[in-house]
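Take a look at the structure below.
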Amino acid sequence: MDDASRSSPISFGGGLAGGDEGFTAADQGSQIGSAAGSLQGEGILSGGGEGGSSCDADFGFQRPEVGKEDLVGTVQFYERHLFLCYKTPHVWPSHVEAAEFDRLPRLLSAALAARKGEMKKRTRLTICEGEDGTESSNGDVLIFPDMIRYRRLTHFDVEYFVEEVLVKNSQWLPGAVETLTGSFVFVCSHGSRDRRCGVCGPVLIRKFKEEINSRGLHSQVSVSPCSHIGGHKYAGNVIVFSSSTNGEVTGHWYGYVTPDDVPLLLEQHIGKGEIINHLWRGQMGLREEDQRKAQDFRLQMNVETEEFNPNLPKQETGTDITNGMSTEAASCCQGIAASSCCQNGAFNEKPDNHSVNLEEQKNPKMLPDQRNKDRKPTSSNRKMTTLPTWFESWERADTYAALAVVTAIASVAVAYSCYQHLR
């Protein structure tokens, strides 16, 4: 798969996607967008109006390319996602992060690019809809997976904000930090950047809002349009940030999403914490090669969806997928504070009953005693005989050394006793 079809790893929402022009810090002087090119009122953003059916055939959910390419591995590795609430998709220029008259996103993008070498976490910036007087006002910044919000950032505050929050991992004192709760859905609706996103995005937004309201989830699930995230040809593009049962949050990317898939995302991903395999592009904190390994594991287990928060069993390649991270490729926990893979030796051994199950299918007449003989001990059996870590690491040489020390001490004690009696 060409690199051009993947999401961008750079420190802001613009990036390299199929048929896109790349936007980097060096482009800021040349990539100047204009709100006049936002296609507002041309029937593109909504997919409606005259010629709506032909528009859908060329740029909507009926276009020939939908579902034709493998989606897994099209999200490049990053660890933190910033969403800047700023105006609406109708007025976003093609490169809103570089627009001359949109100072706040331009300065924030430039500051991230300039300081990215000093930040401990690879950070992405995306623009989402903002409107004064609403829950998401202009200048608000949402940070995932931290699940926090800072209110009313201005272009005067950008340098200090980046220094304190993103470089020092501290707090921006002028703005009170708010804790976010629930699940957050972002749909690429950047019509001035690509017509496919402009057609598919608004339709998905409406469908999400309809389903959320009909299910009474308006206080639990938030949906918002966002700017370009990479991979226009995979439109509709959706990112879902939700919390697992143990409280950990990550962002999962989906592509080729249609209105018919919206109930599935709400019921299975947000409701049950299950990945929708055939739409899954990848996730935050997971490198491209590990995204494929995680997907291969789910397919090998012959399941359509697999719970993504618990630790995945060890792969045949020896790579341990732990909470969406490869301990081999990503240096164990990769700085994820909530992960405990470095502290728990249980991840080094995972029972693999899959081969045993396959043998049972080939020979259904196998006696129970034979099955139990071939089957490896389960993790539950190990837990019943769990020993302290120091005892598990105790080797025979250590035993001999301990006996030698005890013997020496006893010999000294006997010799000293004899010496006392002779006196």
Side-chain angles (χ1 to χ4, degrees), residues 1-27 31 69-84 95 97-98 109 112-128 143-146 166 186-188 190 193-194 196-197 226-241 249-257 275 277 279-296 308 319 321-331 333-336:
M1 187 173 296
D2 296 338
D3 289 340
S5 65
R6 299 175 180 175
S7 67
S8 170
I10 54 181
S11 300
F12 29 86
L16 305 178
D20 299 341
E21 296 179 356
F23 171 66
T24 63
D27 298 322
Q31 300 285 0
E69 292 194 25
D70 182 19
L71 295 171
V72 180
T74 60
V75 178
Q76 293 194 7
F77 177 73
Y78 74 108
E79 300 161 285
R80 178 170 52 195
H81 208 147
L82 267 68
F83 285 85
L84 172 64
H95 293 84
E97 301 93 346
S109 173
L112 287 172
R115 304 295 299 273
K116 65 180 181 180
E118 303 173 60
M119 292 186 287
K120 296 180 181 179
K121 297 180 181 179
R122 188 169 296 188
T123 301
R124 173 186 289 273
L125 170 64
T126 301
I127 309 302
C128 66
I143 304 179
F144 300 94
D146 306 67
L166 306 180
F186 296 93
V187 182
C188 183
H190 202 164
R193 185 72 176 267
D194 189 274
R196 289 165 289 191
C197 299
C226 70
S227 64
H228 168 63
I229 58 175
H232 296 311
K233 61 183 177 181
Y234 307 131
N237 284 303
V238 175
I239 306 178
V240 180
F241 292 93
V249 176
T250 190
H252 285 264
W253 294 46
Y254 290 102
Y256 294 143
V257 178
I275 289 177
N277 283 329
L279 302 174
W280 192 66
R281 292 183 57 184
Q283 73 179 70
M284 165 193 285
L286 194 61
R287 299 182 186 277
E288 295 97 313
E289 61 269 22
D290 295 330
Q291 294 169 16
R292 295 188 179 91
K293 290 177 183 178
Q295 181 81 322
D296 289 344
F308 58 81
T319 300
I321 304 295
T322 304
N323 191 31
M325 290 298 299
S326 166
T327 57
E328 179 183 83
S331 302
C333 301
Q334 193 66 28
I336 305 300

Is the side chain of Asn237 donor-acceptor paired with the backbone N or O of Ile229 at a distance under 3.5 Å, no angle test? no

Separation of Arg196 CZ from His232 NE2 (nearest 0.5 Å): 7.0 Å

Pairwise side-chain contact, Gln295 with Asn277, heavy-atom cut-off 4.5 Å (strictly under): yes

Would you confirm whether Thr250, through its side chain, and Met284, through its main-chain N or O, come within 3.5 Å as a donor-acceptor pair? yes

Under 3.5 Å, is there a donor-acceptor pair between the side chain of Arg281 and the main chain of Thr74? yes

Please report the closest heavy-atom contact between Trp253 and Gln283, naming both atoms and the distance. CD1-CA, 4.5 Å

Under 3.5 Å, side chain of Arg115 to main-chain N/O of Leu166, donor-acceptor pair present? no

If the plane angle is over 60° it's perpendicular, under 30° parallel, otherwise tilted; pick one for Phe241 and Phe144. parallel

Any sub-3.5 Å donor-acceptor pair from Gln291's side-chain atoms to Gly73's backbone N or O? yes

Do the side chain of Glu288 and the main chain of Gln76 share a donor and acceptor less than 3.5 angstrom apart? no

Do you know the tightest heavy-atom contact between Met119 and Leu112? CE-O, 3.7 Å

Could you tell me the separation between the NE2 atom of His81 and the CD1 atom of Ile143, rounded to the nearest 0.5 Å? 11.5 Å

Less than 4.5 Å apart, any side-chain heavy atom of Tyr256 and any of Leu71? yes

Going from NZ on Lys116 to CZ on Arg122, what distance comes out if it is rounded to the nearest 0.5 angstrom? 8.5 Å

Between the CG atom in Asp194 and the SG atom in Cys188, the distance rounded to the nearest 0.5 Å is 8.0 Å

Rounding to 0.5 Å, atoms CZ (Arg287) and OH (Tyr78) come to a distance of 14.0 Å

If I take atom CG from residue Leu82 and atom CD1 from residue Ile127, how far apart are they, to the nearest 0.5 angstrom? 9.5 Å

Quick one, Ser227 and Glu97 - any side-chain contact, counting heavy atoms below 4.5 Å? yes

Within a strict 4.5 Å, meaning less than it, do heavy atoms of the Tyr254 and Ile275 side chains meet? yes

What pair of heavy atoms forms the shortest contact from Lys120 to Glu79, and how long is it? O-OE1, 4.0 Å

